[in-house]
Amino acid sequence: MADSQIVTRFAPSPTGYLHIGGGRTALFNWLFARGRGGKFLLRIEDTDRERSTPEATAAILQGLTWLGLDWDGEVVSQFDRAPRHAEVAHEMLTRGTAYKCFSTAAEIEAFREAEKARGVSYPVFLSPWRDADPITYPDAPYVIRMKAPRTGETLIDDKVQGTVTIQNATLDDMIVLRSDGTPTYMLAVVVDDHDMGVTHVIRGDDHLNNAARQQMVYDAMGWAVPVWAHIPLIHGPDGKKLSKRHGATGVHDYQAMGYPAAGMRNYLTRLGWAHGDAEIFTTDEAKKIFDLEGIGRSPARLDFKKLENVCGHHIAMMPDAALLQELQGYLAAAGRSALTEGQYDLLAKALYCVKDRAKTFPELIEKARFALTSRPIVPDEAAAKALDSVSRGILKSLTPRLQNVSWTKDALESILNDVAAENGIGFGKLAQPLRAALAGRSATPSVFDMMLVIGQDETIARLKEASA
RNA sequence: GGCCCGUUCGUCUAUCGGUUAGGACAUCUGGUUUUCAACCAGGCAAGAGGGGUUCGACUCCCCUACGGGCUGCCA
C-alpha cells in the first residue's frame, strides 16, 4: 500500500571498500524493507569530491551485490543533487529558518581558540549575523546557517536507543550551505531522505547526535521526521572498534576467505539482533522475522568461530547448483585458478559427500581434493605413514578383486569387509591406507563415496600407483 | 574537557519486577563412527561496582568504573 509503504536506504560514502559494519547496516535496511513489501534505496554520499572515487563506488556496489542485497531504482548520487540542496537552503532563508552568515572560517577558528584558552571546553559559535539587518550585509562570500533553537531540548525518538534528549544550547547554528554554494552533509542527507521518501533511517549510532541537528532541518522545512533507528557499531574480537588492525574489515575480505553469502547474511543478521532463540535461518525467514525491536543497544564483537559454524550450516543446506556457482565466485575472488570442466563435473558428483563437512569454500575444496586432484597422488605426511609396506601389500591384493565387480556401494562394502577380515584387521585399518591412496590425505569422505565418485578405473589406477 | 549512548556465561544473545537466569558458538567429558565433519548425552560458565525505589530487582532511578560515539564551510 502506497500510503504506508516502508522505504529504507543505505547511504555510504565512496571513500573505500564496503566495510563489514556498513554491510550489516545495509543488510538491516534491506531486511526491514524487503520483509514488509517496502523499498530499499541506495544513495552514494559523494559530496566530498576530494575523497570520493568511482572505484570506491564500484567496490561498494560489488560488495552489496555479493551479499545479495539488491536495491530499488537507480543509485542516487548525492553530488548530482547539489542544486536541489542549494534550493532548499534558500527556501529556508525565505522561511526565516536560516540566515546568511559572513563570518569567515578564520574568524571562527580564532573564536574557538580564544574560548579554549579561556577554559571553555565546548565553544559554541554564535554567529553575529543571526539577527542582523540585511542592510548591513557586506558584499562578501557567506554561508547559510540554520537558525537553530537556542533554548529547550530536542527529543529523538529512536527505535533502538529509546528517547534521546539533546540540549539545544549545545548545538550551534550549523552551516547548511558552504560559501562556495555546495551543501553540507547535514543538509544533503535530510533533503535527499525527504525527496526519496525515506520513512525509516537505520544507520550506525555514530549518527545519533547528528539526528538532533537533522531533525531541526526537517522541522525548519515542515517535513515529516522519519523513524530513527541507530544501531551500535561492530567491534573486533578484542572489543575495540573494528579497524584494519583486526584484519578483515571489508566484505570482500569475507568473500575471499570463502564464506558463503547466505551464511554471512545469517551471521550478520544475528550480530546485534535477536528473535528469541532463532539462530540458523534462511534469508527468506530472516525477512519475515526481522524487526527493529530485536536490535540490541550495545556493540557486538565479531566471532569467527560462530561465523564458521553458521556458514557450515548454510553450505550443507545450499542446493548443489547454487553452491557450485558461488564456489566459482569464491575462486575468482580469492585469485585461485578456476575449475576445469572435468573438475567441475567431478566436484558436482562429489558434492553430496563433502558439502556437510565443510564450513568454508576452501575447506570444501580440501575435502573434495580426492575428486579434484589427478594422478600422481602425492600423500601428505599422515597419509604417507598409513601407506606402510604391510598396507601396500593389502592394497595390492585388493586391486585385482576390484576388476570384476559391479561398482556399487554394497558390492564394494562386501569386498572391503572381506579383505579386512582375511587380513585379520578391522575395517578402520583398511580404510586409512585406502584414503591415503585415493586422496593422499588421512581425513576424507567415506572411502566408498570416494570410490563411487572417481569411478572404477581411476580407483584401480590410484591403488596400483600407491601400492607399487 | 563537554554532551550523547552502552555494560547478562569467553563470544552472540533471551528475559520486557517474582525464572533452578534460557538458547547458540566456543570449550570439556562420554557415546556413535570408517578418518574428518556431523550427530547424541552431559558438564563448566553470566547480570561491572556501589547506593536507592519496592513485599520482591538483571529488569526502574542515581553515582562510579569501563567501553563507544559526537563535538568541522568531512561524510
Side-chain angles (χ1 to χ4, degrees), chain A residues 11-15 45-48 50-52 78 101 103-105 108-109 112 116 119-125 141-145 156 158 160-162 164-167 169-172 174-180 182-186 188-189 204-213 230 232-233 235 237 239-241 267 270-280 293-294 296-310 312 316 354 356-359 363 366-367 382 386 416 420 426-432 434-436 439 441-448:
Chain A
S13 306
T15 56
E45 310 229 312
D46 51 358
T47 55
D48 186 340
E50 300 289 303
R51 295 195 293 167
S52 300
Q78 188 160 67
C101 170
S103 296
T104 64
I108 296 166
E109 186 51 35
R112 289 206 178 102
K116 275 185 182 161
V120 177
S121 53
Y122 183 71
V124 174
F125 178 72
Y142 60 87
V143 300
I144 295 182
R145 281 183 188 275
I156 300 299
D158 193 280
V160 175
Q161 310 289 346
V164 179
T165 307
I166 313 280
Q167 296 303 317
T170 65
L171 270 23
D172 59 5
M174 65 171 173
I175 295 172
V176 291
L177 202 70
R178 301 188 187 101
S179 51
D180 64 359
T182 60
T184 60
Y185 165 73
M186 292 292 178
V189 218
D205 69 6
D206 47 336
H207 287 284
L208 183 55
N209 285 284
N210 292 337
R213 327 183 72 133
H230 289 92
L233 271 18
H235 284 179
K240 298 290 183 189
K241 189 186 170 189
Y267 175 73
R270 270 291 281 111
L271 192 63
W273 173 85
H275 182 77
D277 290 337
E279 294 285 352
I280 303 298
E293 289 67 38
R297 289 145 300 277
S298 53
R301 304 184 191 197
L302 233 29
D303 180 353
F304 284 86
K305 286 289 188 194
K306 182 134 186 187
L307 206 211
E308 279 184 12
N309 179 276
V310 171
V354 294
D356 57 356
R357 330 168 89 87
K359 298 180 166 105
E363 207 179 316
E366 174 55 29
K367 299 282 185 194
L416 293 187
F427 181 72
K429 284 281 185 200
L430 174 58
Q432 277 318 312
L434 264 173
R435 283 177 218 292
R441 290 290 182 273
S442 55
T444 72
S446 146
V447 294
F448 301 113

Open item on the list: For A:Asp303 versus A:Tyr267, what's the shortest heavy-atom pair and its separation?
Closed with: N-OH, 2.7 Å

- [ ] Could you check which of B:C25, B:G23, B:C73 has an atom nearest any side-chain atom of A:Val143?
- [x] B:C73

Open item on the list: What's the closest nucleotide to the side chain of A:Leu208 if the choices are B:A75, B:C25, B:C4?
Closed with: B:C4

Ignoring hydrogens and geometry beyond distance, is the side chain of [X] in donor-acceptor contact with the base of [N] at under 3.5 Å?
X: A:Ser179; N: B:C73; value: yes
X: A:Ser446; N: B:U34; value: yes
X: A:Arg441; N: B:U35; value: no

Atom pairs under 3.5 Å: protein N/O with N/O of nucleotides 6-11 of chain B:
none

Could you let me know what [N] is paired to, Watson-Crick or G-U wobble, both distances under 3.5 Å, or none if it's on its own?
N: B:A45; value: none
N: B:G1; value: B:U71
N: B:G6; value: B:C66
N: B:C39; value: B:G31
N: B:U54; value: none

TODO: Select base, sugar-phosphate, or nothing to describe what A:Gly204 touches, counting heavy atoms under 4.0 Å on all strands.
DONE: nothing

Task: Distance, C1' atom - from B:G49 to B:G67, rounded to whole angstrom - done: 15 Å

Task: Rounded distance in Å - CD (A:Gln78) to P (B:A75) - done: 8 Å

